[in-house]
A.B. asks: 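Input: one structure, supplied below.
Heavy-atom basis, side chains included; hydrogens, waters and symmetry copies ignored.
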Number of protein chains: 2
Amino acid sequence: MALTIGQVAKQCGIGIETLRFYEREGLIAQPSRPDSGFRTYPPESIRRVRFIQRSKALGFSLKEIKELLSLRVDSVTSCGEVKKRAEEKISDIEKRIHALREMKDALAKLTAACRGKGPTGECPILEALGEPGRTPASEAPETGRKGGGKRWQ
Amino acid sequence: MALTIGQVAKQCGIGIETLRFYEREGLIAQPSRPDSGFRTYPPESIRRVRFIQRSKALGFSLKEIKELLSLRVDSVTSCGEVKKRAEEKISDIEKRIHALREMKDALAKLTAACRGKGPTGECPILEALGEPGRTPASEAPETGRKGGGKRWQ
DNA sequence: ATGCACCCCGTACCGCACTACGGTGTCAAG
DNA sequence: CTTGACACCGTAGTGCGGTACGGGGTGCAT
């Protein structure tokens with residue numbers, strides 16, 4: 001019934017090292033270690049790891065997942081706290097979506113303006129990004145460093 | 001006319017260290033260094049830094065920005081290449097938006113199912129994440145480590 | 001000439017989430 | 001009893017995008 005770390009790892013599609021990492025980070029409990037010191041996991045551990053994986057997939061960081069797990073442990077806390085976290089995460093995700101959409105719109109405008117032909121010097125995309133063709137600086141070969149002298153020391 | 005690193009930094013709202021970092025990473029050219037070894041930037045550098053900042057804001061990584069900049073330098077390349085990168089970035093951003101939307105929908109479904117009252121043991125959110133209330137493992141006090149013996153060595 | 005702001009450098013560090021390494025110990029099968 | 005798979009440990013390295021530190025040297029104004 002009890003599982004080795006390798007079995008848990010395999011069942012969760014995760015590396016052994018990752019499991020040890022989660023343990024170090026306090027995301028999963030210290031498993032019992034009879035006799036030889038080998039970790040021995042109860043089958044429930046699989047669920048806990050899956051909890052972590054699903055939460056990750058929902059955009060929670062390990063830090064946040066740890067908090068979520070700690071809510072469960074001190075069961076004085078009501079379910080409302082959990083709901084609050086989830087709602088915060090939703091608005092966080094909405095912000096990220098919004099930012100991405102703005103990026104996308106800006107980029108779309110640029111690509112629409114660009115014929116896609118001709119030299120880079122006339123590219124409206126590059127122009128909009130701020131570089132009006134080559135810059136003197138970009139040609140200046142190493143004036144310091146490699147070239148010549150031992151200035152500085 | 002020529003600028004010190006501090007002036008460039010201030011004008012771009014960026015740290016001096018960051019500027020040196022960009023230089024090390026090949027994102028900005030080695031500035032000239034007359035006499036004392038102090039970096040001396042032409043005013044155009046400001047534009048180059050802004051290019052980087054805007055590109056970052058559009059979701060390009062420093063690595064990608066470097067590529068974008070190199071396209072400009074070897075001006076054999078046509079503007080079409082730039083357009084291609086921008087379009088790839090757009091679809092990349094779209095993918096990210098899509099993934100975030102899925103996260104959001106999943107979370108929204110969970111919060112909708114949750115009354116927000118009662119103990120964590122009955123929380124539909126936690127349940128959906130995979131943990132049906134407390135787990136034995138989460139109570140198990142350190143069975144190894146700190147507690148007792150010198151197994152292993 | 002003295003003070004002080006500014007700049008130089010290399011190196012190390014941050015947070016995140018792992019991943020790898022290497023030397024050693026344990027278990028189960030043959 | 002040997003062999004091979006598996007597990008143990010601490011430490012270090014990865015990639016990203018910076019940020020900080022400390023022990024100096026310069027430039028300019030007073």
Side-chain angles (χ1 to χ4, degrees), chain A residues 2-28 30-41 45 49 52-67 69 92 96 142-146 149-153, chain B residues 2-28 30-41 45 49 52-67 92 96 142-146 148-153:
Chain A
L3 303 161
T4 67
I5 194 171
Q7 289 165 336
V8 174
K10 185 169 284 181
Q11 290 210 32
C12 297
I14 208 181
I16 287 173
E17 307 292 335
T18 305
L19 237 20
R20 297 210 311 118
F21 169 73
Y22 286 167
E23 184 182 323
R24 277 199 303 278
E25 298 293 300
L27 283 157
I28 56 184
Q30 307 273 5
S32 61
R33 291 151 173 275
D35 34 287
S36 57
F38 281 23
R39 290 170 179 81
T40 310
Y41 297 86
S45 318
V49 175
I52 296 168
Q53 296 181 296
R54 283 181 213 144
S55 304
K56 257 165 55 68
L58 287 177
F60 290 92
S61 70
L62 294 191
K63 194 162 171 286
E64 290 166 331
I65 295 170
K66 196 176 168 183
E67 285 168 17
L69 286 163
D92 173 50
R96 276 150 72 187
E142 42 267 62
T143 319
R145 274 313 59 78
K146 228 184 304 190
K150 78 305 283 274
R151 46 199 118 221
W152 285 102
Q153 173 172 220
Chain B
L3 303 161
T4 67
I5 194 171
Q7 289 165 336
V8 174
K10 186 169 284 182
Q11 289 209 33
C12 297
I14 209 181
I16 287 173
E17 306 293 335
T18 306
L19 236 20
R20 297 208 313 117
F21 171 73
Y22 285 167
E23 185 182 324
R24 278 201 302 279
E25 298 292 299
L27 284 157
I28 55 183
Q30 307 273 4
S32 60
R33 293 151 173 275
D35 35 286
S36 57
F38 281 24
R39 288 170 180 81
T40 310
Y41 296 88
S45 318
V49 176
I52 296 169
Q53 296 181 294
R54 282 181 213 146
S55 304
K56 256 166 55 70
L58 289 177
F60 291 91
S61 69
L62 294 191
K63 194 162 172 287
E64 289 165 333
I65 295 169
K66 195 175 168 184
E67 285 169 16
D92 173 48
R96 275 150 72 187
E142 43 268 59
T143 320
R145 272 318 53 82
K146 229 185 308 193
K150 77 304 283 276
R151 47 200 119 217
W152 285 102
Q153 188 171 207

A.B. asks: Can any side-chain N or O of B/Lys56 pair as donor or acceptor with the backbone N or O of B/Ile65 at less than 3.5 Å?
C.D. replies: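 No; zero donor-acceptor contacts below 3.5 Å.
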A.B. asks: Give me the bend of the helix from C/dA1-D/dT30 to C/dG30-D/dC1, using the axes of the five pairs at each end, rounded to 10°.
C.D. replies: 20°
A.B. asks: Give the rounded distance in Å between these two atoms: CD1 of B/Ile5 and P of C/dA5.
C.D. replies: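 One finds 19 Å between P of C/dA5 and CD1 of B/Ile5, rounded.
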A.B. asks: Using only atom types and a distance under 3.5 Å, with no angle test, would you say the side chain of A/Lys66 pairs donor to acceptor with the backbone of A/Gly26?
C.D. replies: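 No, because the side chain of A/Lys66 does not come within donor-acceptor range (under 3.5 Å) of the backbone of A/Gly26.
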A.B. asks: Is the phosphate of D/dA7 approached by A/Thr4 (side-chain N or O, under 4.0 Å from OP1 or OP2)?
C.D. replies: yes
A.B. asks: Could you list all N or O pairs between the protein and nucleotides 27-30 of chain C that sit under 3.5 Å apart?
C.D. replies:
unit_1: C/dC27; atom_1: OP1; unit_2: A/Ser36; atom_2: OG; d: 3.4

A.B. asks: Can you work out whether A/Ser61 or B/Thr40 has the more 5'-proximal nearest nucleotide on DNA chain C?
C.D. replies: B/Thr40
A.B. asks: What I'd like to find out is whether the side chain of A/Phe38 reaches to under 4.5 Å of the side chain of A/Ile5, using heavy atoms alone.
C.D. replies: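 Result no, sub-4.5 Å side-chain heavy-atom pair not found.
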A.B. asks: Set out, in order, the CA-CA distance, both residues' side-chain angles and the distance that settles side chain to side chain contact (heavy atoms under 4.5 Å, CB included) for A/Tyr22 and A/Leu62, then state yes or no.
C.D. replies: CA-CA 9 Å; A/Tyr22 286 167; A/Leu62 294 191; 3.9 Å; yes
A.B. asks: Any side-chain to backbone donor/acceptor pair from A/Glu64 onto A/Ser61? Under 3.5 Å, distance only.
C.D. replies: yes
A.B. asks: What is the distance from CD of B/Glu23 to C1' of D/dG18, rounded to the nearest Å?
C.D. replies: 15 Å
A.B. asks: What is the distance, rounded to the nearest whole Å, between atom CD1 of A/Ile65 and atom P of C/dC16?
C.D. replies: 12 Å
A.B. asks: Atom CD of A/Gln11 and atom OG of A/Ser45: how far apart are they, to the nearest 0.5 Å?
C.D. replies: 10.5 Å
A.B. asks: Checking side chain to side chain contact (heavy atoms under 4.5 Å, CB included) for the pair B/Arg54/B/Leu58: CA distance, chi angles, key distance, verdict?
C.D. replies: CA-CA 6 Å; B/Arg54 282 181 213 146; B/Leu58 289 177; 5.6 Å; no
A.B. asks: Separation of B/Ile16 atom CD1 from D/dC21 atom C1', in whole Å?
C.D. replies: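 Rounding to the nearest Å, CD1 of B/Ile16 and C1' of D/dC21 are 14 Å apart.
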A.B. asks: Atom CD of A/Gln53 and atom OG1 of A/Thr18: how far apart are they, to the nearest 0.5 Å?
C.D. replies: 9.5 Å
A.B. asks: To the nearest Å, give me how far apart CZ (A/Arg39) and P (D/dC6) are.
C.D. replies: 17 Å
A.B. asks: Whole-Å distance between C/dC14 C1' and A/Lys63 NZ?
C.D. replies: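 Those two atoms, NZ and C1', are 14 Å apart.
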A.B. asks: Please examine the side chains of B/Arg39 and B/Leu19, heavy atoms only from C-beta on, and report whether any two atoms are closer than 4.5 Å.
C.D. replies: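 B/Leu19 does not reach B/Arg39 side chain to side chain.
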A.B. asks: Please state how far atom CZ in B/Phe60 lies from atom C1' in D/dG17, giving the value in whole angstrom units.
C.D. replies: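 In whole Å, D/dG17 C1' lies 17 Å from B/Phe60 CZ.
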A.B. asks: N/O contacts under 3.5 Å, protein versus nucleotides 18-20 of chain C?
C.D. replies:
unit_1: C/dC18; atom_1: OP1; unit_2: A/Lys56; atom_2: NZ; d: 3.0
unit_1: C/dC18; atom_1: OP2; unit_2: A/Tyr22; atom_2: OH; d: 2.8
unit_1: C/dT19; atom_1: OP2; unit_2: A/Thr18; atom_2: OG1; d: 3.4

A.B. asks: Nearest whole Å is fine: how far is D/dG17 C1' from B/Glu25 CD?
C.D. replies: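 Atom-to-atom, B/Glu25 to D/dG17, this comes out as 9 Å.
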A.B. asks: For the CD1 atom of A/Ile52 and the CD1 atom of A/Ile14, what is their distance to the nearest 0.5 Å?
C.D. replies: 7.0 Å
